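Written out below as structure tokens is the structure these notes cover.
Just the heavy atoms: all of them, side chains too, but no hydrogens, waters or symmetry mates, feed the values below. All values reported here derive from a predicted model rather than from experimental measurement. In what follows, every chain begins at residue 1, and chains take the letters A, B, ... in the order their sequences are listed.
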There are 2 protein chains.
Amino acid sequence: MVTVPELTHTQFLLASSLDTTTRLLGTMVVFNMADLKLAPKEGDSFDTSQAYAEGLDKQDSLAAKREEFAINGEELIYVDGNSLGRLPKRTMPVIQNRVEREWGEKLIRSWGSCGWYETSTRVGGKIAQMVGARSNEVIACDSTSVNLFKLILAALALRPGRTKIVTDTLNFPSDIYVIEGCINLLGNRHALQLVPSHDNDLTVDMETLEAAVDDTTALVLLSHVVFKSGFMYDGRAVTELAHKAGALVLWDLSHAAGAVPVALNEWNADFAVGCGYKYLNGGPGATAFLYVREDLQDQCSSPIWGWFGQSRPFDFATSYTPAKGMARFLAGSPPLLQLAAVEAGVDVIKEVGMEALRAKSLQLSEYLIKLADERLSPLGYSVGTPRDPAQRGSHSRTTSASGSRRSIPRLQRCGTWSSGSVERWRRSCTSSTLSTDLPLLDPTAIVQRRGQCGNSMILVASGRFGS
Amino acid sequence: MVTVPELTHTQFLLASSLDTTTRLLGTMVVFNMADLKLAPKEGDSFDTSQAYAEGLDKQDSLAAKREEFAINGEELIYVDGNSLGRLPKRTMPVIQNRVEREWGEKLIRSWGSCGWYETSTRVGGKIAQMVGARSNEVIACDSTSVNLFKLILAALALRPGRTKIVTDTLNFPSDIYVIEGCINLLGNRHALQLVPSHDNDLTVDMETLEAAVDDTTALVLLSHVVFKSGFMYDGRAVTELAHKAGALVLWDLSHAAGAVPVALNEWNADFAVGCGYKYLNGGPGATAFLYVREDLQDQCSSPIWGWFGQSRPFDFATSYTPAKGMARFLAGSPPLLQLAAVEAGVDVIKEVGMEALRAKSLQLSEYLIKLADERLSPLGYSVGTPRDPAQRGSHSRTTSASGSRRSIPRLQRCGTWSSGSVERWRRSCTSSTLSTDLPLLDPTAIVQRRGQCGNSMILVASGRFGS
């Protein structure tokens, strides 16, 4: 039986207004447990002592990477790095240079002399290295939603006789919204098939997926790592499965790019999109990216025939000719201030390399899962993430049985609670070390609830724990 | 006869690479004429002396506004404020706060506590004040191209039986590209009609426009101020004309918002878009905006059913319900770093007020036109902008007869030239004063050419003029 420290002075700042403008995105837990004493459990190979964690950190070649991030005070432990990645220290100087020198002093000369024109392509080329693509297959532009929209319509146009789009119930809801919008726009000639999970939103069975993909399927659109459980698809197997049926594949890499190795070229993937503000550390509302396999690019058309997608925009011709290659998927001017942050964030990851990052990520996850097994299971919580690392991205969740909230009495007082809650924890592995963050992390406090209103809630405990 | 000073030490930095990544956007002239002596012409009411300009500046309540902009050295005269507006001094601190404090320290708590959720709406509300709309009719999001795409499709869906879209040959080319893309996407059931100019790309005749708009017309899409000549439409008259025929109107305000008073509500305009990086001083690739008249909002649908356009995104429902009002036109997460710059830029204009700004703008334009009449007409150049201020936005151009380039020999050496050139000058009136900028401005140097390759070119003369 594990003793749960009593929360003695905890303030939960519930940014929980129920009106439309202040609804909450994702999950966040930030708390201060400087006074929390976690005693090591004798006889366990897993050990929650500071010394044990420090020992592991000494073997960790990426431990020093924490210094690259703006982390203000050790009292704040941020475990929601896959909702908004932390700020790299190098980002502000990069933005300041773009604003003060390139915009303020050089003005529009910077389009040429400071590489503004190439920004979408250059940043895309760096992201390409992280997702196993050629540098001419990825561009950074627009939002994930807009990029999904462009590529769904481009894909459907390549399969004019086919009427089915396949995704799963674990996918991020807005991916489904964008698909629905495309179907509506094309006159409801297509149908969406949602493949269900048979194990409580943990995974999707490959056979069930395979049965859904048939010769009427135009497109299979899936998140490589799903947000609900951290489940990670076998990218190569799913791509092969779709291609065998004559369908195209579009991967959403929002929870994968910068978090796990992705091998788009090896998989022979057709299309992909992803966001810049999670594992790429590109800041709030960061510019997203999109990928189109090289041999498909000139067969495709973006539905948005924009200024930067024109073959020769400075001819000022009054008729559109799509640019060669990826540029045709650009729409308006690239958001150059926002892209400065994305580029700085991507550079941090690029220097680490995805293999080293994945190894570190798995170590952090295993440590966290052991913490949960030890401390949360007696309280009725269980790990709701695949145990097999090959099936797991880099974020985890816990699931709770109804009533388990009794064990954490102070948490109950901070808002409305309902049963059937989904709790998750998340962390930003590039900026985390075991000895600094995880031993101090009390899993009982890492709780995200879906309140009675159906909204997610942010829990911020800014006080201190005492035993 | 006017003596044109010889250019003695002029470097033209032609950012003129012809490959796709370095093509040039818009026009720019930056030059240094600290040594240029412009003697006043006796007997003229118009006077190019410093004393004359200083006298006018003393009566100008906005002269001090120049101090609000980052202007590094009086030697650089920037007359391309409608391609990329200057950097307001307040912008960098606003961005720095968003990056270092809101993102770096508060992390995702800022969605609630720092107003991140309301950013598109809040910035839109400020822009609404500049374009004569209600605050709940404008949102800041995406690029102009993406917003045009959304509203064209929304408009066409409201006029299902009609098959014609009307615009003019003076419109910005990418507006036409986006229309063409929409027509293609909808299966080529619509036709685009381009209303021509009958006076060398100066204006469009209202009768010609009226003749083009008939009972097959779904949408009239025009730039309120056209980029080619600075011609400004009568917004109310055109809107009435379109509505009389049962058509909808979509105004592109990219060269109007923040430059001239716009009265969308008074005109009873249906839709509008505009960019943030020109007169709104929002920086390179600034977030754009869109307007939908209040009573139309809930009748319309955006084709991109994105994350932020969903009614209750944090219910994580697996089916899309559009948000009420303008929010349904949002797609992905708002680009919060980029929007910080837009908001700072908009605040500068908002504090000035559009009436005062228009008065100042007209004074600057009249002064510049007089300079051109006096100094350029003997060289074969003429003002290619409507003389009537009611028909003119806030940028101007000159047109030249073939061969007139002989008069400015040094300019010939800087690149390839062709006849039929279009030359413009432009200025950012909020950051300009007469005594500092315009008397030193030699119109003969303000030349933008369309080279033999068909590309625009940027001319940057960083040397000095001598007499």
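- Of all heavy-atom pairs between A:L336 and B:Q338, the closest is N-OE1, 3.5 Å.
- Taking 4.5 Å as the limit, every side-chain heavy atom of B:W103 sits out of range of all side-chain heavy atoms of A:Y277.
- Under the 4.5 Å side-chain criterion, counting only non-hydrogen atoms from C-beta, A:T169 is not in contact with B:T318.
- The heavy-atom pair separating B:M92 from A:E100 by the smallest distance is CG-OE2, 3.1 Å.
- Within the 4.5 angstrom heavy-atom criterion, no atom of B:S110 approaches chain A.
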> What's the verdict on ring pair (Phe, Tyr, Trp, His ring centres under 6.0 Å) for A:F172 and B:W307, showing C-alpha distance, side-chain angles and the deciding distance?
Replying inline: CA-CA 10 Å; A:F172 202 72; B:W307 174 230; 4.8 Å; yes
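- Considering only heavy-atom pairs separated by less than 4.5 Å from chain A, the leading option among B:P88, B:S143, B:G181 is B:G181.
- Here B:N184 is the residue among B:D142, B:T287, B:T321, B:N184 with the most heavy-atom pairs under 4.5 Å with chain A.
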> Can you list the steps and then say if A:W116 with B:L84 is a side chain to side chain contact (heavy atoms under 4.5 Å, CB included)?
Replying inline: CA-CA 13 Å; A:W116 283 4; B:L84 172 66; 3.9 Å; yes
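- For chain B, the nearby parts of A:S174 are the backbone and the side chain; heavy atoms of each come within less than 4.5 Å.
- When all heavy atoms of B:G282 and A:L337 are compared, the closest pair comes out as O-CD1, 4.5 Å.
- Annotation: B:F308 is not in aromatic contact with A:Y177 [ring centroid separation under 6.0 Å not met].
- B:G306 and A:S145 get closest at one heavy-atom pair: CA-OG, 3.8 Å.
- If you take CG on A:L148 and CH2 on B:W305, they are separated by 15.0 Å, rounding to the nearest 0.5 Å.
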> Is there a side chain to side chain contact (heavy atoms under 4.5 Å, CB included) between B:L185 and A:L185 once you walk through the steps?
Replying inline: CA-CA 9 Å; B:L185 184 63; A:L185 183 63; 3.6 Å; yes
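- Using a 4.5 Å cut-off between heavy atoms, A:A331 touches chain B through backbone and side chain atoms alike.
- Taking both residues in full, the closest heavy atoms of A:E180 and B:S319 are given as OE2-OG, 3.0 Å, listed atom of the first, atom of the second, then distance.
- For A:I176, the part lying near chain B is the side chain, with the backbone staying farther off; criterion is any non-hydrogen pair under 4.5 Å.
- Of the atoms belonging to A:E102, not a single heavy atom falls under 4.5 Å from chain B.
- Residues B:P173 and A:A317 come closest through the heavy atom pair CB-O, 3.3 Å.
- When A:V99, A:L339, A:I95, A:L194 are compared by the number of non-hydrogen pairs under 4.5 Å with chain B, A:V99 comes out ahead.
- Between the A:W111 side chain and the B:P284 main chain, no donor and acceptor come within less than 3.5 Å of each other.
- Looking at A:L153, the atoms closer than 4.5 Å to chain B (heavy atoms on both sides) all sit in the side chain, from C-beta outward.
- Contact of A:P303 with chain B is made through backbone and side chain together, with heavy-atom distances under 4.5 Å.
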